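The structure under discussion appears below in the form of structure tokens.
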Amino acid sequence: MSFNSKVVIVTGSSSGIGAAIALKFTAENAKVVIVGRNEKKLKDITAKCEQLGSKPLVIVADVSKGHEAKRIIDDTVKKFGKIDVLINNAGIGGGTSILHDKAMDVFDRIIATNLRASVYLTHLAAKHLIETKGNIVNISSVASKSVISDEGFGYATSKAGLDHFSRCAALELASKGVRVNVINPGPVKSDIYENAGATPEREAAIWDHMKKATPLHRITEPGEIADLALFLASDKAVGITGSTFVSDNGYLLGGYNILKKNY
Ligand code: NAD
């Protein structure tokens, strides 16, 4: 799968899934644009990309702020003259009760990052992707397909919205030669809970719970999601658009709710 001279934007690439995607595309000779808010972590990923043979374009930006999202597209086109692939990966977790005083603040913050930013970046990138017959991969979650947390309405709604937006964009852009697809990961080892403010103890407890909740009894490594993203962005997936791909160690099978057959 060669991405030789393809220009690939990966949002939220300072850690976790986004970092793994940026590294895989770099290894495939793409011109990678890494985007995040944490300059130190972006420097670490830059060094890893350089070890693989090329320096990424680094854009420090908050995707939830309109003018910063616009800068991501403008700076990329200024530097490389085109965009071939947009990976909308930046996302935040977090939950709250619908009864909580601050419920709407939490909801607005999650929607702004997980949904609105992906819609806006698609809007801004679309005309460039039409030029290159490029494609988009949106990183959603199994939370879009099943209600998996009792106080996760904001996150789940943002990801369900992202799935359906992706189908809408896929239909409209298909006639222009642009594909749009979605990956729905289950639990993936990343900084997501740390970034949501969990203590190391709480984080360890969450991973332990998640592992037990998957029929395969494992947590996905970020590189596994990156491999799927690479496939969907490549010409091998030329006939795939508007589709969602679950990679969750069987989490959605719901086996953890099923009684063991010992009766
Ligand atoms: P992570 O916290 O390690 O990475 C998220 C990245 O997005 C970070 O680099 C963070 O700085 C960046 N980011 C967040 N808000 C941003 C903003 N406003 N502007 C710019 N960058 C921003 O977590 P991750 O697990 O790698 O998450 C990547 C994506 O995968 C997210 O969309 C998340 O919802 C999704 N996901 C993760 C899991 C999981 O279990 N880790 C499961 C399903 C879906």
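Just the heavy atoms: all of them, side chains too, but no hydrogens, waters or symmetry mates, feed the values below. Because the structure is a prediction, the values reported are computed rather than measured. Start at 1 and go down the list; that is how both ligands and their atoms are numbered.
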State the atoms of ligand 1, each with its element, that fall below the 4.0 Å cut-off from a heavy-atom position in [X].
{"X": "Ile92", "answer": "14 (C), 15 (N)"}
{"X": "Gly16", "answer": "3 (O), 26 (O)"}
{"X": "Asp191", "answer": "2 (O), 3 (O)"}
{"X": "Ala61", "answer": "19 (N), 20 (C)"}

So which heavy atom in the protein is nearest [atom], and how far is it from that ligand atom?
{"atom": "atom 10 (C) of ligand 1", "result": "Arg37 NH2, 3.9 Å"}
{"atom": "atom 19 (N) of ligand 1", "result": "Val63 N, 2.9 Å"}
{"atom": "atom 3 (O) of ligand 1", "result": "Ser15 OG, 2.8 Å"}
{"atom": "atom 5 (C) of ligand 1", "result": "Gly91 O, 3.7 Å"}
{"atom": "atom 12 (C) of ligand 1", "result": "Gly12 CA, 3.6 Å"}
{"atom": "atom 42 (C) of ligand 1", "result": "Gly186 O, 3.1 Å"}
{"atom": "atom 9 (O) of ligand 1", "result": "Ser14 OG, 2.7 Å"}
{"atom": "atom 36 (N) of ligand 1", "result": "Tyr155 OH, 3.5 Å"}

Does a side-chain N-to-carboxylate-O contact under 4.0 Å join [X] and [Y]?
{"X": "Asp44", "Y": "Lys48", "answer": "no"}
{"X": "Arg218", "Y": "Glu224", "answer": "yes"}
{"X": "Lys159", "Y": "Asp163", "answer": "no"}

key: Name of the residue among Leu129, Asn135, Val137 meeting side chain to side chain contact (heavy atoms under 4.5 Å, CB included) with Arg179   =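 For Arg179, the side chain to side chain contact (heavy atoms under 4.5 Å, CB included) check succeeds only for Asn135.
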Where the side chain of [X] meets the backbone of [Y], is there a donor-acceptor pair that is under 3.5 Å apart?
{"X": "Ser243", "Y": "Ile240", "value": "no"}
{"X": "Ser146", "Y": "Ile148", "value": "no"}
{"X": "Asn38", "Y": "Lys41", "value": "yes"}

Kindly confirm or rule out an N or O of [X] lying under 3.5 angstrom from an N or O of ligand 1.
{"X": "Lys159", "result": "yes"}
{"X": "Trp207", "result": "no"}
{"X": "Pro185", "result": "no"}
{"X": "Pro187", "result": "no"}
{"X": "Asp62", "result": "yes"}

inquiry  = Please enumerate all residues that pass side-chain contact (heavy atoms from CB on, under 4.5 Å) together with Ile59, with sequence neighbours excluded.
reply    =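 Partners of Ile59 by the side-chain contact (heavy atoms from CB on, under 4.5 Å) criterion, ordered by chain and then number, come out as Val33, Val35, Leu57, Ala61, Arg71, Ile72, Asp75, Thr76.
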query = Any idea how Phe25 and Phe3 line up, ring-wise: parallel (<30°), tilted (30 to 60°), or perpendicular (>60°)?
reply = perpendicular
Counting only heavy atoms, tell me which of [options] gets closest to [atom].
{"atom": "atom 35 (C) of ligand 1", "options": "Ser140, Ser141, Pro222", "value": "Ser140"}
{"atom": "atom 24 (P) of ligand 1", "options": "Ala20, Ser190, Ala143, Ser158", "value": "Ser190"}
{"atom": "atom 29 (C) of ligand 1", "options": "Asn184, Asn89, Val188, Asn195", "value": "Asn89"}
{"atom": "atom 30 (O) of ligand 1", "options": "Val10, Val35, Ile17", "value": "Ile17"}

ask   = Strictly under 4.0 Å, does any heavy atom of Gly93 approach an atom of ligand 1?
value =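 No; Gly93 lies far enough from ligand 1 that no heavy-atom distance drops under 4.0 Å.
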Short side-chain donor-acceptor distance under 3.5 Å, Asn114 and Ser158 = yes
query = Are Ser64 and Asp62 linked by a side-chain donor-acceptor pair shorter than 3.5 Å?
reply =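 Result is yes, a qualifying pair exists.
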Evaluation steps, side chain to side chain contact (heavy atoms under 4.5 Å, CB included), between Tyr155 and Ser149 = CA-CA 10 Å; Tyr155 185 78; Ser149 154; over 6 Å; no
message = Tell me whether Glu50 at atom CD has more than 12 heavy atoms from other residues, nucleotides or ligands lying less than 6.0 Å away.
response = yes
inquiry  = Check this for me: Lys145, atom NZ, are more than 12 non-hydrogen atoms of other residues, nucleotides or ligands nearer than 6.0 Å?
reply    =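 Correct, the count exceeds 12.
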ask   = Is ligand 1 under 4.0 Å from a heavy atom in the side chain of Ile192, in the backbone, in both, or in neither?
value = both
